[in-house]
Amino acid sequence: MNIFALFTQHVRTAVASLASEGIVLSEAALDRIVVEAPRDPTHGDLATNAAMVLSKEAGLKPRDLAEKIATRLAAVADVARVDIAGPGFINLTVKASVWPRVLKSAVETGEAFGRATLGKGTKVNVEYVSANPTGPMHVGHCRGAVFGDALANLLDAAGFDVTREYYINDAGAQVQILGRSAHLRYREALGETISIPEGLYPGDYLKPVGEALKARHGDRLMHVPEAEWLPICRDAAIAAMMDEIRGDLAALNVRHAVFFSERSLQVPVDKVRAAIESLRADGQIYEGVLERPKGADDDEWEEREQTLFRSTAFGDDVDRPLMKSDGTYTYFASDIAYHKDKADRGFLEQIDVWGADHGGYVKRMQAALKAISGGRAALDVKLVQLVRLFRDGEPVRMSKRSGDFVTLREVVDEVGRDAVRFMMLYRKNDATLDFDLAKVREQSKDNPVFYVQYAHARGRSILRNAMAAMADLDLSAPALAAAPLYRLDDPGELAIVQRLAQYPRLIEAAAQAHEPHRVAFYLYELASDLHSQWNRGKDSPHLRFIMENDRQITTARLALVQGIVTVLRSGLAILGVEAVEEMR
RNA sequence: GGUCCCGUAGCUCAGUUGGAUAGAGCGACAGCCUUCUAAGCUGUUGGUCGCAGGUUCGAGUCCUGCCGGGGCCGCCA
């Protein structure tokens, strides 16, 4: 039960009936009507801006129009009271009987309580991580991985048909270098003493690849030309690196449904060429010369004619090259073909999660998708900002010397998956994040991960203790749903029910905005509600959840606890954080 | 030079996508354990929402221009 959806419908019905009085209403204006919980509780339970957004078209003063709407809303069964306030807000106080119904539905529905139909089954593709398969993942990849995964969970909860995708950059010069580096390790495995020249990957993680190549091919790859050994070494290295990456992701509980190979865009069929030709046919491709960029005016620059995409026609700042001077495609060209492929697979809503250093790439990619899909498909790019690692307030040094970086696995091993995930999501994606390895392991209220998990554990503990204290209690969902919930009349209890009532709406709003952090903040507040109410029971024993002399109130309060536990569990599932039974 | 992100309490950050008197946590100060996990809770303190205009019933939120911090800027991915 989504109380906001319910009352939005009531308001729309009330407003629609005004048309019979000759009052002008447009669908566009109706869509701007929102029903929300006012910040100030003295303004009632729900407030709507209906009169204010409709007044101009209707040709009435907001407060006069509010009067007309209010009269009709007052007749709605669930409404106890209607007030008009400020510039034309309509404040609704709902009947006390509404809140028990909300809690009842939360208890009955279980974790599906927050699920929304907002997405209407629309196909959405979320592409995230997409780290180059040239080495293990480092902490920098971590935030994008967690963010993308949680966003996908969120969209799924909001009723979208979500596909999680990873784009493997296995076609560029990087993987050629990887192949050469692997060949060097292969020679090393054969007993040669090697030195790794500048420009190749020096990391030890390629040693096992060299060993594997030796085991498989003996010394044969020593005696064939590079054109023969390079693809073999390259593919073996990519496969090994992708295994490694999949393992790293699994440690974070991140799983993609599709791993899409960049090379598959060129072999066996050249889809990149097809994409370019498609754009050319639309007149979006030309041969031209780019202006020298103002900032980077070093001596390196030379004017050259190249194949350009007219991205300026779609909102980009300059046109973008598609071919390198050696005749191969730029990364951008591949990316156009890739996003076209996604559109061809039916993904008209695409979301890419990138690191902030790719910010300059957003406009051209959006321009390209718009052009290549004839405006049918849209791309939202979520940029995740930098993560700065700290330990006890001191920055953790990350040397630029190759091989000396903090890997994702090290961080997960040290602080745990749940802490990493929650902290990465406890911030807007476009704000930089300070991550303190010591702090996230603290078991105190200063640590939001702990605080929220503790709330869940505490709720579960209350339910267990209730069973122990009153052995014949029935804590099944139907039994709790049937409890006399109207007896939850303490302000603290009502506040919790109202918080729970906001959850379905929160999921919709967060999904619409592509902002999973809102879920994390909501859970923190809900956790705080539970901790508060629990402590009120210390000062005021009649507010304790378990009242052995009153079975009725006890079941009602346990239903409330169950509602909290359910929503915490549901929200944590979206964040990909475990809802623990007890803290240890 | 262009472009993107950020600027809110001493610190770290939210702000329901334009709503009413801007909120949390930390810090500081004062309290709460014979009791369902004190691993917690309550109260007090704290603001020129970077600056200046504009849009309108109404701006922390949208637009323009500045200031400050960061990212990126043809043949890297």
Side-chain angles (χ1 to χ4, degrees), chain A residues 4 32 34 36-40 42-43 47 49 52-53 55-56 61-63 85-89 91 130-132 134 169 171-175 262 289-297 300-304 306 308 316-318 320-321 323-326 328 330-332 334-335 355-363 383 385-386 426-428 430-432 434 442-448 450-451 454-455 457-458 461-466 468-469 502 505-506 509-510 512-513 515 517-518 521-522 524-525 528 530-539 541 544-547 561 582-583:
Chain A
F4 298 96
R32 291 177 56 211
V34 294
E36 59 194 1
R39 286 203 189 98
D40 186 341
T42 65
H43 292 141
N49 60 354
M52 292 181 288
V53 299
S55 66
K56 188 170 266 183
K61 288 180 186 167
R63 289 192 68 112
F89 285 104
N91 293 334
S130 301
N132 287 346
T134 51
N169 300 131
Q174 303 287 338
V175 290
E262 180 186 0
V289 177
L290 284 177
E291 276 183 45
R292 165 203 297 255
K294 287 267 165 46
D297 54 351
E300 301 294 311
W301 179 268
E302 56 175 285
E303 287 200 346
R304 194 178 53 250
Q306 48 193 340
L308 297 168
D316 199 4
D317 312 308
V318 290
R320 306 291 178 176
M323 308 291 287
K324 299 182 201 169
S325 52
D326 65 4
T328 59
T330 60
Y331 183 77
F332 182 48
S334 289
D335 231 349
D357 54 340
H358 292 60
Y361 203 78
V362 174
K363 279 189 185 175
L383 297 177
Q385 284 288 343
L386 217 63
Y426 197 61
R427 184 112 322 173
K428 274 183 304 200
D430 48 14
T432 56
D434 293 347
E442 255 176 46
Q443 302 226 327
S444 79
K445 66 192 288 266
D446 300 353
N447 176 1
F450 170 77
Y451 189 78
Y454 179 36
R458 178 171 255 178
S461 165
I462 292 168
L463 294 169
R464 283 193 302 270
N465 287 327
Q502 292 189 331
R505 162 70 171 260
L506 172 97
Q512 204 148 27
E515 289 181 348
H517 77 275
R518 294 195 197 188
F521 279 91
Y522 171 87
Y524 185 87
E525 287 166 359
S528 178
L530 174 66
H531 291 312
S532 285
Q533 191 63 18
W534 193 92
N535 273 273
R536 280 190 199 103
K538 302 170 79 65
D539 296 333
R544 295 170 56 125
F545 292 105
I546 302 168
M547 304 293 290
V561 172
E582 55 185 336
M583 306 306 293

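Atom set for the values below is all heavy atoms of this structure, side chains included, hydrogens, waters and symmetry mates excluded. We name chains A, B, ... by the order of the sequence lines, and we start the count at 1 in each one.
- In this structure, A:S532 reaches the sugar-phosphate backbone alone: every heavy-atom distance under 4.0 Å involves primed, P, OP1 or OP2 atoms, never a base.
- For the pair A:N169 and A:V175, the tightest heavy-atom approach, listed with the atom from each and the gap, is O-CG1, 3.4 Å.
- Nearest heavy-atom pair, A:H531 versus A:R458, reported as atom, atom and distance to 0.1 Å: ND1-NH1, 3.0 Å.
- For A:I546, whose side chain is taken as the heavy atoms from C-beta onward, the closest listed nucleotide among B:C36, B:A77, B:U16 is B:C36.
- Below the 3.5 angstrom threshold, one finds a donor paired with an acceptor across the side chain of A:N535 and the base of B:G40.
- Residue A:Y426 is out of contact with every strand shown, counting any heavy-atom pair closer than 4.0 Å.
- For RNA chain B, the stems formed by at least three consecutive Watson-Crick or G-U pairs, with both atom-pair distances below 3.5 Å, span B:1-7 with B:67-73, B:10-13 with B:23-26, B:27-32 with B:40-45, B:50-54 with B:62-66.
- With C1' as the reference atom, B:A52 and B:C32 are 50 Å apart, rounded to whole Å.
- For the pair A:F450 CZ and B:A38 C1', the interatomic distance rounds to 11 Å; values are reported in whole Å.
- For the pair A:R505 and A:F4, the distance from NZ or CZ to the six-membered ring centre is under 6.0 Å and the angle to the ring normal is within 45 degrees.
- The phosphate of B:A77 has OP1 or OP2 within less than 4.0 Å of a side-chain N or O from A:K324.
- Counting non-hydrogen atoms of neighbouring residues, nucleotides and ligands closer than 6.0 angstrom, the CZ atom of A:R464 exceeds 12 such neighbours.
- Using a 4.0 Å heavy-atom cutoff across all strands shown, A:Q502 reaches no nucleic acid atom at all.
- The nearest pair of heavy atoms linking A:R320 to A:D317 is NH2-OD2, 4.4 Å.
- Nucleic acid contact for A:D539: sugar-phosphate only, since backbone atoms but no base atoms lie under 4.0 Å from a heavy atom of the residue.
- Between A:I546 and A:A469, the shortest heavy-atom contact is CG2-CB, 4.4 Å.
- Using a 30° and 60° split on the angle between ring planes, A:Y426 and A:Y524 fall in the tilted class, from 30° to 60°.
- Comparing B:U35 with B:A30, their C1' atoms sit 24 Å apart, to the nearest whole Å.
- Across all strands shown, A:N91 has heavy atoms under 4.0 Å from base atoms, whether or not it also approaches the sugar-phosphate.
- Closest to the A:E515 side chain, of the nucleotides B:G15, B:C6, B:A20, is B:G15.
- Sequence order on RNA chain B of the closest nucleotides to A:S528 and A:A47 puts A:A47 first from the 5' end.
- Nucleic acid contact for A:F521: sugar-phosphate only, since backbone atoms but no base atoms lie under 4.0 Å from a heavy atom of the residue.
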Candidate pair A:S334 and A:E262, rule side chain to side chain donor-acceptor pair (under 3.5 Å), full reasoning: CA-CA 7 Å; A:S334 289; A:E262 180 186 0; 3.2 Å; yes
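- Between A:Y524 and B:A24, no base-stacking contact is recorded for ring centres under 5.5 Å apart and planes less than 30° from parallel.
- B:A14 and B:G25 have their P atoms separated by 16 Å, given to the nearest Å.
- Between the CG atom of A:D326 and the C1' atom of B:C76 there is a distance of 13 Å, rounded to whole Å.
- Across all their heavy atoms, A:V34 and A:N49 have their closest contact at N-OD1, 3.0 Å.
- When the nucleotides B:U17, B:G15, B:A77 are ranked by their closest atom to the side chain of A:A513, B:U17 comes out on top.
- Set against B:A14, B:C4, B:C76, the side chain of A:L383 has B:C4 as its closest nucleotide.
- In this structure, the side chains of A:L530 and A:F545 come closer than 4.5 Å at one or more pairs of heavy atoms.
- The P atoms of B:C75 and B:U17 are separated by 41 Å, rounded to the nearest whole Å.
- In B:C33 the O4'-C1'-N dihedral to the base is within 90° of 0, which defines a syn nucleotide.
- OP1 or OP2 of B:C36 has not a single side-chain nitrogen or oxygen of A:R544 nearer than 4.0 Å.
- The two residues A:P87 and A:R63 have their closest heavy-atom pair at O-CG, 3.9 Å.
- Rounding to whole angstrom units, CG of residue A:L530 and P of B:C36 are separated by 15 Å.
- Considering only heavy atoms from C-beta on, A:S528 comes within 4.5 Å of A:Y451 through its side chain.
- One P atom belongs to B:G70, the other to B:C63, and the distance between them is 24 Å to the nearest Å.
- In this structure A:Y331 satisfies the ring pair (Phe, Tyr, Trp, His ring centres under 6.0 Å) test with no other residue, sequence neighbours excluded.
- Taking atom CD on A:Q533 and atom P on B:U35, their separation rounds to 19 Å, with Å as the unit.
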Chi angles and distances behind the side-chain contact (heavy atoms from CB on, under 4.5 Å) call for A:L386, A:T432: CA-CA 5 Å; A:L386 217 63; A:T432 56; 4.2 Å; yes
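- In this structure, A:R63 places its CZ atom 14 Å from C1' of B:G19, rounding to the nearest Å.
- For A:Q512, counting side-chain heavy atoms from C-beta on, the closest listed nucleotide (B:U17, B:G19, B:C36) is B:U17.
- As rounded to the nearest Å, B:U44 and B:U3 have C1' atoms that lie 47 Å from one another.
- Remark: the separation of the C1' atoms in B:A22 and B:G69 is 24 Å, to the nearest Å.
- Within the 4.0 Å cut-off from OP1 or OP2 of B:C41, at least one side-chain nitrogen or oxygen of A:Y451 is found.
- In this structure, the nucleotide among B:U17, B:G15, B:G74 sitting nearest to the side chain of A:Q306 is B:G74.
- One interatomic measurement links the two molecules: CG of A:D40 to C1' of B:A20, which rounds to 8 Å at whole-angstrom precision.
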Letter per nucleotide, 5' to 3', of nucleotides 54-60 of chain B [B base touched, S only sugar-phosphate touched, - untouched; heavy atoms, 4.0 Å]: ---B--B
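- Between A:A356 and A:R458, the residue anchored closer to the 5' end of RNA chain B is A:R458, taking for each the nucleotide with the nearest heavy atom.
- Side-chain nitrogen and oxygen atoms of A:H517 include none within less than 4.0 Å of the OP1 or OP2 phosphate oxygen of B:U16.
- In this structure, A:K363 reaches the sugar-phosphate backbone alone: every heavy-atom distance under 4.0 Å involves primed, P, OP1 or OP2 atoms, never a base.
- Contact annotation for A:H531: backbone-only contact, meaning every heavy-atom pair under 4.0 Å involves sugar-phosphate atoms and none involves a base.
- Looking at heavy-atom distances under 4.0 Å, A:A85 makes contact with a base.
- Residue A:E262 contributes atom CD, which lies 8 Å from atom P of B:A77 at whole-angstrom precision.
- Using P as the reference atom, B:C6 and B:G53 are 24 Å apart when rounded to the nearest Å.
- Here B:C36 presents its P atom at 13 Å from CZ of A:F545, a figure rounded to the nearest Å.
- Side-chain atoms of A:R427 lie closest to B:A14 of the nucleotides B:A77, B:G15, B:A14.
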